[in-house]
Structure formats: C-alpha cells, structure tokens
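All remarks here apply to the structure that follows.
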Amino acid sequence: MTPEQLSRVVADALAALVAEGALVLHGDLPREVRVERPKVKEHGDYAMNVALQLAKQAGRPPREIAELLAARLASATGIAHVEVAGPGFLNVRVGAGAQGAVAGAIVAAGEAYGRSDVLRGRRVNVEFISANPTGPLHLGHTRWAALGDAIGRVLAAAGAQVTREFYINDRGAQMDKFGASLAAAAAGQPVPDDGYHGDYVVELASQIAVDRPELSELPADERVAAFRDEGYRRQLVEQRAQLDGFRTHFDVWASESALHDDDRVKHGIERLREQGHLYEADGALWMRTTDFGDDRDRVLVRSNGAFTYFASDSAYYVDKRERGFSPCIYLLGADHHGYVNRLRAIAACAGDDPDRDIDVLIGQLVKVVRGGQELRLSRRAGTILSLQEVVDLTGVDALRYTLCRFPADSPMTVDIDLVTRTSNDNPVYYVQYAHARLSSILRNAVGLGLAADADTYDPALLAHQREGDLLRALADLPRVVEQAAALREPHRVARYLEETAATFHRFYDECRVLPMGDEEAGDLHRARLVLVAATRLVLGNGLSLLGVTAPERM
RNA sequence: GCGCCCGUAGCUCAGCUGGACAGAGCAACGGACUUCUAAUCCGUCGGUCGCAGGUUCGAAUCCUGCCGGGCGCACCA
C-alpha cells in the first residue's frame with residue numbers, strides 16, 4: 001500500500017461518513033487527505049491529521065472524528081491496525097502483504113516508477129543561465145545549469161512537456177565593449193578600462209587575428225564589429241561545448257538580436273499595446289507596469305527611438321507565450337531579483353495571469369572557497385573560475401549533485417577542496433555507492449541462477465522492520481517528484497535519495513539477501529531480491545532526475 | 001530611504017509548504033568485517049531554531065517590530 005492509496009482509502013471513508021450523515025461538514029470535503037510518515041515509529045507507519053483539520057468544519061472535537069474514521073478503516077484491506085492518538089491523529093500500520101507489494105509494483109513499473117502525469121498537457125518553458133556570450137561560463141552559471149536542467153527533468157517526470165531555453169544577450173553596449181576589447185588586444189594595445197580584461201580575451205583575440213588576418217586590416221569601426229561578431233560566435237560555441245560536457249542541453253538558443261531582426265520586438269509591443277497598458281510620455285513609449293506591482297513604469301522605446309532592453313524582455317515573453325508555454329519559468333541570480341516584479345508585470349500587461357503563466361525563481365549566488373579563501377568572481381576583472389575548470393577538478397557527477405542538493409534560495413558555499421574530494425564527505429558517493437552495492441547483489445544473484453521476479457514472490461515475507469522501513473521509503477518517490485516539480489525544488493530529490501540510501505544500507509546490514517554457501521534459495525531470498533531490484537530502480541531513477549549517473553560498480 | 005533573500009548543533013545544511021519529544025552529514029570519542037562492495041553500519045557528545053511580541057488546540061514554519069549578513073533599486077546592459 002502506497003501513501004497515495006492510503007490517502008484514497010481514507011478520503012473514501014470520509015466521503016462515506018458524510019454521505020451517511022454520520023458526519024456533517026460545513027464546506028467541501030478536503031481535496032486530498034495528507035499522509036505523513038511519523039518520525040517516531042510508535043506512531044505507526046503512516047499518520048494523518050485530517051481529523052484535526054476538519055474539527056472546525058464539523059463542529060466536533062477532532063478525536064471524535066478520528067474515532068469515526070478509525071472504525072471504518074479497521075476493516076479496510078491492507079490496513080493492519082488503526083488507532084487514534086494525541087489530539088486526534090490517525091495512526092495506521094500497513095499489513096506486511098500490502099506493504100511488500102510495493103516492491104513488485106516498482107519493479108513492474110521499471111524506469112517509469114516515480115513519474116506521474118499531474119502536469120500532463122502543460123507546456124513549460126525553463127529559461128536559465130542566459131549569459132552574455134562575451135566569455136566562458138563560470139561557476140556562478142554552473143549552479144543554474146545544474147539546477148535548471150534538474151528542474152526541467154523533474155517537471156518532465158511529472159508529465160510536463162519541457163523546453164529548455166538559453167537567452168543570448170547578444171545585443172547592446174556590452175557586446176560592443178567586448179568587440180573593442182578584442183580588437184585592441186589583437187592589435188597589441190591595452191584593452192579599454194571599461195572593457196573585458198581576462199586572459200581569455202587576449203588568447204581569443206590572438207586566435208582570431210591568426211585565423212582571420214583580414215579582420216585586422218579593416219577600418220577601426222568595422223574592425224570592432226568584426227571582432228565582436230567573430231568573438232561572439234566562438235564564445236557561443238565554447239559555451240555550448242562546456243554545457244554539453246556538463247550534460248546540460250538546451251532545446252532553444254534564443255538570440256536577442258534575432259528578436260529585433262525579424263521584428264518580433266515590434267510585434268510583441270503591438271500585442272502589448274492591444275492590452276492597453278502602453279502610453280507615450282516625454283517622447284518615449286512606456287509600459288504602465290505600476291498597474292501590477294512594479295515600483296515604477298518602464299520605458300520600451302526611448303525618446304531617441306532606440307528599444308530598451310526591457311522591450312526585448314517584454315517581446316521575448318510574448319514570443320514564449322505565443323509558442324504555447326505556461327508557465328514560463330525564469331531562473332535568475334539574486335543580483336537580478338529586482339526583475340521579478342517587472343517580469344510579472346509584463347505578464348500582467350500582456351493580459352496573462354502572473355501566478356499561472358510566469359514563475360520567476362531567484363537563486364542566491366554561490367560563494368566559492370578554495371584553500372580556505374574566498375574567490376571573488378568577476379569576468380571583467382578576469383578572476384574567473386570557469387565551469388570547465390571546476391568540472392575538470394570535480395567531475396560532472398559530484399558537481400551537479402552538490403549544486404542540486406540545496407534549495408536555490410539558500411546561499412551556498414562551494415568548497416572546491418571538498419567537492420573535489422572523492423570521499424564520503426560527498427553525499428553523491430554515498431548514494432552512488434548504494435546503487436553499486438545493489439547492482440552487485442543483483443549480479444551475484446544471476447551467478448546463482450536467481451532473478452528478481454515481481455510476479456511470483458511472496459510480499460508478505462518482507463515483514464522485517466528494516467524491510468518495512470525500506471519499502472515505505474521507496475513508496476515515497478512519486479510524491480517527492482511531484483512536490484519537487486510543483487515547487488521547482490529538485491533538492492528534495494537529492495535529500496530523499498540520501499535518506500533512502502541510508503535506509504537501504506541499514507537493511508543491508510541486518511538482512512541477508514542471497515543464500516549463503518550451499519544454502520538452498522528460499523522464498524525469503526526471492527522476496528528480498530525483488531526488494532533489492534526495486535531499491536536499485538528508485539536510486540537510479542532518482543539520480544537520473546538530477547542528471548547524475550548511477551554506477552554499477554565503484 | 002524603499003524592496004527581495006538568509007539567520008536552526010563547533011562546521012556545512014535539511015526540516016515534507018502549521019503537527020506529536022527539533023534532524024542529517026562532517027568534526028570528536030567508542031564499537032562492528034572468515035560468506036551479498038567497510039565508499040558501510042551501531043553507540044556517545046552536541047541546539048534559548050537571531051531577539052521580542054502576536055495569530056491558535058499547536059509555530060523553526062504564518063503576521064508585526066527590532067538586530068545581524070547578502071543583494072537590488074536607470075530613457076544601463
């Protein structure tokens with residue numbers, strides 16, 4: 001019996017009580033009965049607080065309601081024991097057979113276990129990183145790469161159709177500064193003070209100068225533009241290669257300048273104009289974002305006729321919506337949190353519901369510590385720790401896992417020395433090791449002529465305390481995934497995996513799976529083998545939601 | 001000045017969106033391998049959940065005000 005099944009049983013019992021008139025509720029039945037796993041095992045396998053929540057609506061003491069429900073549940077199949085505890089909690093123990101059946105169900109579901117269709121039909125756009133193509137990606141971007149990709153995976157697992165998108169800020173003054181920096185460096189001149197100063201600028205400039213000598217012959221202004229475009233092209237290739245290596249793949253690379261070139265900016269502004277929130281003042285075109293919580297109105301077209309960056313943002317949002325996405329998710333660094341109200345106001349001004357159609361996630365920036373010292377990351381100052389450098393040090397798995405382990409809004413410190421360490425200071429190895437151990441058992445089983453057979457094992461034999469603990473942990477994956485998707489919090493998956501791995505290790509410690517020596521294989525061996533296969537699937541499926549590999553051996 | 005995020009064990013951090021005595025890892029100390037991977041397991045030590053009020057059967061969680069830290073407030077990109 002899974003928590004979802006239990007929840008349904010209790011909801012049905014509740015509905016029956018109401019239908020019979022045994023319970024009168026003011027208002028509707030609760031949409032869902034929440035099932036929790038109590039921390040204290042004396043409180044049973046599962047606990048529910050429906051009775052406490054309904055007390056007010058029913059106008060009766062919670063314990064009375066709980067008693068009514070308990071009487072009904074006592075005879076339900078799969079439930080071994082029900083009791084009312086404390087102020088009105090409903091504590092349930094699940095029968096061994098019903099509990100053990102979970103393992104077989106997981107094996108039968110295979111790689112689909114943990115997936116659901118709660119978001120079926122939703123087309124979700126996840127935009128993240130969106131760096132300027134003026135240099136290598138650094139560790140700051142890496143958090144969004146790991147997180148954004150994992151959010152995409154989790155949403156897809158919940159049934160959504162996901163498009164991952166990278167918005168290229170390839171237009172405007174920063175690009176020109178980049179071009180000027182390259183042109184200067186190529187000519188052996190010092191880069192402008194407000195330009196880009198990293199070593200990579202010099203390298204890139206000299207490569208371009210060698211590969212495309214004709215560019216250096218151009219007149220000054222054309223030369224800057226030529227170096228800018230060539231540098232841009234190469235940086236983009238570089239960024240994509242680095243992200244590929246980090247297992248982060250984008251479905252769409254959206255160019256800001258393309259948005260202008262094919263008039264989607266104009267089109268977007270027209271669409272917004274139809275909604276009636278644009279006005280002209282002081283020769284400029286404004287959007288009345290203050291109608292929707294922004295602290296000031298924003299300019300779309302300056303009095304000199306130039307489009308603002310905000311115009312691109314607005315048009316880009318309209319473009320996404322016209323491609324059918326809802327919600328459009330944005331991952332932004334904390335240094336951009338001022339954009340939240342602005343972006344939500346764009347959605348509102350476009351006639352959308354910001355709570356439904358847009359979701360702006362703010363992530364705290366990562367602090368980087370190496371050798372006990374904090375590194376200050378600045379591209380323009382040239383003190384970059386690039387994504388590639390860090391990946392080379394730590395490996396993709398360790399880095400991805402570490403970055404996905406924490407909620408985005410919690411400030412995190414990446415200690416390079418720690419992530420680099422391939423010891424059990426590193427939770428990723430703890431989880432991977434469990435998976436390798438499980439794989440090993442299954443390999444050895446094959447050697448003994450045994451295989452996990454979900455159809456013929458006896459689920460009631462999985463009655464050991466450690467087996468029950470493990471089964472209940474495994475049964476949690478679907479709701480962990482659902483919640484991770486709903487809240488856009490993949491770290492829940494990581495934490496869940498750590499707990500489940502620990503639960504497995506404890507099981508392993510006490511419960512022998514395979515027959516020893518000349519021992520004949522019995523029904524308990526077969527049942528445990530199914531449990532092992534189920535556990536391996538859960539860890540493997542969970543790791544893949546984070547984009548981390550599940551090794552067969554370590 | 002206005003706004004957003006954070007403050008939980010010595011350290012790094014969870015805390016299931018209000019539940020039953022506040023958790024994990026690391027660090028410290030002590031145990032467990034002749035048979036499925038010891039990258040593991042078990043035990044001990046460790047907390048006024050920043051402070052003060054409020055909401056209620058019940059608050060680390062929600063509200064208000066302080067304190068401390070990070071970040072942001074352009075016809076910039």
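Convention: sequence-line order gives letters A, B, ...; per-chain numbering from 1. It should be emphasised that the depicted structure is a prediction, and the values quoted were computed from it without experimental measurement.
- Within 4.0 Å of Ala284(A), counting heavy atoms only, lies at least one base atom of the nucleic acid.
- Applying the ring pair (Phe, Tyr, Trp, His ring centres under 6.0 Å) rule to His464(A) yields no partners; only residues at least two apart in sequence or on another chain are considered.
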Short heteroatom pairs, N/O only, protein and nucleotides 44-47 of chain B, under 3.5 Å:
none

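- Across residues 294-304 of chain A, Asp295(A), Arg296(A), Val299(A), Arg302(A), Ser303(A) each have a non-hydrogen atom less than 4.0 Å from an atom of RNA chain B (numbered order).
- If you take atom P in G10(B) and the same atom in C49(B), they sit 13 Å apart, rounded to whole Å.
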Polar atoms only, N or O, under 3.5 Å: list the protein pairs with nucleotides 5-12 of chain B and their distances.
from, atom 1, to, atom 2, distance (Å)
C5(B), O2', Gln364(A), NE2, 3.0
C5(B), O2', Asp409(A), O, 3.2

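- Glu552(A) has a carboxylate O that lies under 4.0 Å from a charged side-chain N of Arg536(A), or vice versa, which qualifies the two as a salt bridge.
- With a 4.5 Å cut-off on side-chain heavy atoms, Met48(A) and Val10(A) count as touching.
- A salt bridge (charged side-chain N to carboxylate O under 4.0 Å, His left out) check over residues 474-490 of chain A, counting only residues at least two apart or in different chains, returns the pairs Arg37(A)-Asp476(A), Asp359(A)-Arg488(A), Asp476(A)-Arg479(A), Glu489(A)-Arg492(A).
- Heavy atoms from other residues, nucleotides or ligands lying under 6.0 Å from CZ of Arg553(A) number 12 at most.
- For the P atoms, the distance from G15(B) to A24(B) is 15 Å, rounded to whole Å.
- Judged by the 6.0 Å distance and 45° axis criteria, Arg302(A) is not positioned over the aromatic ring of Phe307(A).
- No close placement of the Phe128(A) and His141(A) rings is indicated, their centers lying 6.0 Å or farther apart.
- No salt bridge links Asp294(A) with Arg344(A); every basic N to acidic carboxylate O contact stays at or beyond 4.0 Å.
- Nucleotides U64(B) and C5(B) place their P atoms 11 Å apart, quoted to the nearest Å.
- For Arg37(A), no side-chain nitrogen or oxygen approaches OP1 or OP2 of C16(B) to under 4.0 Å.
- Among the protein residues, His491(A) comes within range of the sugar-phosphate backbone only, with heavy atoms under 4.0 Å from sugar or phosphate atoms but none that close to a base.
- Nucleotides of RNA chain B nearest to Phe310(A) and Ala502(A) differ in position, and the one nearer the 5' end is that of Ala502(A).
- A salt bridge between Asp397(A) and Arg400(A) is absent, with no side-chain N of the basic residue lying under 4.0 Å from a carboxylate O of the acidic one.
- Considering only residues two or more places apart in sequence or on other chains, Phe504(A) meets the ring pair (Phe, Tyr, Trp, His ring centres under 6.0 Å) condition with Tyr508(A).
- You won't find any donor-acceptor pair under 3.5 Å spanning the side chain of His336(A) and the base of G72(B), going by distance alone.
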Can you tabulate the close N/O pairs, meaning under 3.5 Å, that link protein atoms to atoms of nucleotides 34-38 of chain B?
from, atom 1, to, atom 2, distance (Å)
C36(B), O4', Arg512(A), NH2, 3.2
C36(B), O3', Asn444(A), ND2, 3.0
C36(B), O2', Asn444(A), ND2, 2.8
C36(B), O2, Leu514(A), N, 3.2
C36(B), N3, Val513(A), N, 3.1
C36(B), N4, Tyr508(A), O, 3.1
C36(B), N4, Cys511(A), O, 3.1
U37(B), OP1, Ser440(A), OG, 2.2
U37(B), OP1, Asn444(A), ND2, 3.2
U37(B), OP2, Ser440(A), OG, 2.9
U37(B), O2', Tyr433(A), OH, 2.1
U37(B), O2', Arg437(A), NE, 3.0
U37(B), O4, Ala436(A), O, 3.4
U37(B), O4, Glu552(A), O, 3.4
U37(B), O4, Met554(A), N, 3.2
A38(B), OP2, Arg437(A), NE, 3.3
A38(B), OP2, Arg437(A), NH2, 2.2

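- Counting only Watson-Crick and G-U wobble pairs whose two key distances fall under 3.5 Å, RNA chain B forms stems of three or more stacked pairs at B:1-7 with B:67-73, B:10-13 with B:23-26, B:28-32 with B:40-44, B:50-54 with B:62-66.
- When heavy atoms are screened at a 4.0 angstrom cut-off, His505(A) is found touching the sugar-phosphate backbone but no base atom.
- Here Arg34(A) pairs with Glu36(A) in a salt bridge; the nearest charged N to carboxylate O distance falls below 4.0 Å.
- Using a distance-only test at 3.5 Å, with no hydrogens or angles considered, no donor-acceptor pair links the side chain of Glu67(A) to the main chain of Glu64(A).
- With respect to the salt-bridge test (charged N to carboxylate O, under 4.0 angstrom), the residues Asp453(A) and Arg526(A) do not qualify.
- Between His277(A) and Phe292(A), the angle of the ring planes goes over 60°, which puts this pair in the perpendicular group of the 30/60° scheme.
- A distance of about 7 Å separates the C1' atoms of G58(B) and G19(B), rounded to the whole Å.
- Between Tyr339(A) and A74(B), a side-chain N or O to OP1/OP2 separation shorter than 4.0 Å is absent.
- Around CG of Asn304(A), the count of heavy atoms belonging to other residues, nucleotides or ligands within 6.0 Å exceeds 12.
- Annotation: proximity of residues 469-487 of chain A to RNA chain B (heavy atom, distance under 4.0 Å) is found for Gln483(A), Leu487(A), numbered in ascending order.
- Taking atom C1' on both C41(B) and G7(B), the two are 34 Å apart, rounded to the nearest angstrom.
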- [ ] For Asp469(A) and Arg506(A), run salt bridge (charged side-chain N to carboxylate O under 4.0 Å, His left out): C-alpha distance rounded to whole Å, both residues' side-chain angles, the deciding distance at 0.1 Å, then the answer.
- [x] CA-CA 9 Å; Asp469(A) 290 343; Arg506(A) 280 192 286 271; over 6 Å; no
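- Using a cutoff of 4.0 Å between basic side-chain nitrogens and carboxylate oxygens, Arg528(A) and Glu467(A) are scored as salt-bridged.
- Qualifying side-chain hydrogen bond (donor to acceptor under 3.5 Å, both in side chains) partners for Asn169(A), counting only residues two or more places apart in sequence or in other chains: Tyr309(A).
- Whole-Å rounding puts the Arg228(A) CZ to A77(B) P distance at 14 Å.
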Look for any protein N or O under 3.5 Å of an N or O in nucleotides 18-23 of chain B and output each such pair with its distance, or none.
from, atom 1, to, atom 2, distance (Å)
G19(B), N7, Asn49(A), ND2, 3.0
A20(B), OP2, Lys39(A), NZ, 3.3
A20(B), N6, Asn91(A), OD1, 2.7
A20(B), N1, Asn91(A), OD1, 3.4
A20(B), N1, Asn91(A), ND2, 3.1

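- Take Tyr46(A) and apply the ring pair (Phe, Tyr, Trp, His ring centres under 6.0 Å) test, not counting sequence neighbours, and it matches no residue.
- Classification of the Tyr196(A)-Phe178(A) ring pair by plane angle, with boundaries at 30° and 60°, yields perpendicular.
- Atom P of C21(B) sits at a distance of 43 Å from the matching atom of U35(B), rounded to the whole Å.
- Within the nucleic acid shown, Asp282(A) comes within 4.0 Å of at least one base atom, counting heavy atoms only.
- Counting non-hydrogen atoms under 4.0 angstrom, Pro407(A) reaches the backbone sugars and phosphates but no base.
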